[in-house]
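Working notes, beginning with the structure itself.
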Amino acid sequence: MPELPEVETIRRQLESELVGVGFERSWSHPSAKFIAARDVDGAVVEAVDRRGKYLLIGLADDRELVVHLGMTGQLRFENDRGSGSGDSEVLVEDPYVRAWWQCDDGRRLLFRDVRRFGRLAVVDAGEYGGIATLAAMGPEPFDSNLDGRAFHARLRKSRQQLKTQLLSQRPIAGVGNIYADEALFLAGINPVVRTLSLERSERLLSALREVLTGAIERGGTTLRDYRNLSGEGQNQHHLVCYGRAGQECLQCGQELRGRVIDARSTTWCPHCQAR
DNA sequence: CGGGGTTCCTGGCCGC
DNA sequence: TGCGGCCAGGAACCCC
């Protein structure tokens with residue numbers, strides 16, 4: 001499940017590979033989710049940016065190719081990985097490749113997405129009105145204008161449970177199920193609370209930044225399908241809460257609790273994260 | 001426009 | 001070995 005650290009890892013790798021490259025021709029799976037891949041033939045990549053979990057591939061014609069990886073989306077250059085025969089047709093016969101772009105340097109960029117929760121769009125630069133989540137997205141976690149006070153104010157706009165708010169992308173951008181659980185644990189805050197004091201908002205913002213920074217440094221968390229351009233991330237070896245329900249808390253030894261909140265498995269420590 | 005419910009998808013795993 | 005059932009879950013979409 002690619003969240004901000006996973007998408008940022010891919011962005012950095014893609015930026016150094018793709019800026020200045022032109023797309024000659026393209027192909028996509030017929031689903032409406034991927035059809036926009038075909039709209040960038042002849043375009044030249046000018047920048048590779050990120051907003052939350054969305055990858056924004058800036059084109060020289062003032063448009064952007066917007067890529068959301070969903071649950072299982074992967075970007076890679078053909079033949080960069082795999083137990084390769086070297087035959088350039090082999091990987092495209094991978095039934096889970098949903099789109100590809102033939103680059104003018106001879107490489108082919110592949111978008112692979114087993115579960116098809118990903119999505120592609122082409123928009124005029126900065127025009128995100130047609131992508132509701134992106135249009136309503138909160139500030140980037142490392143935005144220097146975002147402080148505890150601003151974060152606190154954004155959280156106060158809703159009375160939903162805190163976990164749900166974080167997943168909505170509205171108070172802050174790029175946080176998904178893994179890093180929400182990790183940051184709430186680190187901050188000692190229960191996922192179902194509906195209001196936070198200023199002090200606890202500050203603590204949660206710090207925890208989010210710490211958790212996201214560590215994950216970026218380790219190239220993301222590879223649990224199932226996530227791969228960056230060069231392989232697996234390493235942050236899965238540093239998770240302290242997510243996915244550990246029933247195991248003992250690494251801080252106090254009590255058994256971590258698990259429950260579904262907002263259709264997501266949620267793990268927390270009943271002692272360290274008491275209500 | 002926020003909130004709640006539904007839907008999209010398929011590999012992997014479990015139990016019989 | 002085969003198979004039904006269940007799980008993983010981000011966000012678009014629809015309705016109120």
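Here the structure is a predicted model, which is why all the values come from computation and not from measurement.
- Residue contacts for A:E3: at a heavy-atom cut-off of 4.0 Å it reaches no nucleic acid atom on any strand shown.
- For the pair A:D181 CG and C:dG10 P, the interatomic distance rounds to 10 Å; values are reported in whole Å.
- More than 12 non-hydrogen atoms from other residues, nucleotides or ligands lie less than 6.0 angstrom from CD of A:Q254.
- Mapping heavy-atom proximity under 4.0 Å, the span of DNA chain B touched by chain A runs 5' to 3' from B:dG2 to B:dG11.
- Between A:R51 atom CZ and C:dG10 atom P there is a gap of 18 Å when expressed in whole angstrom units.
- With rounding to whole Å, A:L166 atom CG is found 14 Å from C:dG10 atom C1'.
- Checked by distance alone, A:R119 brings no side-chain donor or acceptor within 3.5 Å of a matching partner on the base of C:dA12.
- Regarding A:L167, its CG atom lies at a distance of 14 Å from the P atom of C:dA8, rounded to whole Å.
- Going from atom CZ of A:R259 over to atom P of C:dG9 covers 15 Å, rounded to whole Å.
- With no hydrogens or angles considered, a side-chain donor-acceptor pair links A:Y128 and A:E64 at under 3.5 Å.
- What separates CD of A:E6 from C1' of C:dG10 is a distance of 13 Å, to the nearest Å.
- The number of heavy atoms from other shown groups lying within 6.0 Å of NE2 (A:H29) is above 12.
- Side-chain N/O atoms of A:Y54 include one lying less than 4.0 angstrom from OP1 or OP2 on C:dA12.
- Residue contacts for A:M71: at a heavy-atom cut-off of 4.0 Å it reaches a base atom on one of the strands shown.
- Sequence order on DNA chain C of the closest nucleotides to A:G130 and A:F117 puts A:F117 first from the 5' end.
- Salt bridge status for A:R11 with A:E8: present, with a side-chain N to carboxylate O gap under 4.0 Å.
- For A:K53, a side-chain nitrogen or oxygen approaches OP1 or OP2 of C:dA11 to under 4.0 Å.
- As judged by a 4.0 angstrom heavy-atom cut-off over every strand, A:S158 is placed among residues touching the sugar-phosphate backbone only.
- A:R38 and A:S28 share a side-chain donor-acceptor pair at under 3.5 Å.
- Note on A:Y179: nothing from the nucleic acid sits closer than 4.0 angstrom, heavy atoms only.
- A close approach under 4.0 Å does occur between a side-chain nitrogen or oxygen of A:R264 and OP1 or OP2 of C:dG10.
- Salt bridge status for A:R51 with A:E140: present, with a side-chain N to carboxylate O gap under 4.0 Å.
- OP1 or OP2 of C:dG10 has not a single side-chain nitrogen or oxygen of A:H68 nearer than 4.0 Å.
- Separating the CG atom of A:L69 from the C1' atom of C:dG10 is a distance of 11 Å, rounded to the nearest angstrom.
- Between the CG atom of A:N177 and the P atom of C:dA11 there is a distance of 11 Å, rounded to whole Å.
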message: With side chain to side chain contact (heavy atoms under 4.5 Å, CB included) as the criterion, how do A:T221 and A:Y179 come out once you've worked through the C-alpha distance, each side chain's angles and the decisive distance to 0.1 Å?
response: CA-CA 10 Å; A:T221 299; A:Y179 301 111; 2.7 Å; yes
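- Summarising the local packing, CZ of A:R149 is surrounded by 12 or fewer heavy atoms from other residues, nucleotides or ligands at distances under 6.0 Å.
- Neither OP1 nor OP2 of C:dA8 sits under 4.0 Å from any side-chain N or O of A:Y242.
- Residue A:S265 is classed as a sugar-phosphate contact, given heavy-atom separations below 4.0 Å to backbone atoms only.
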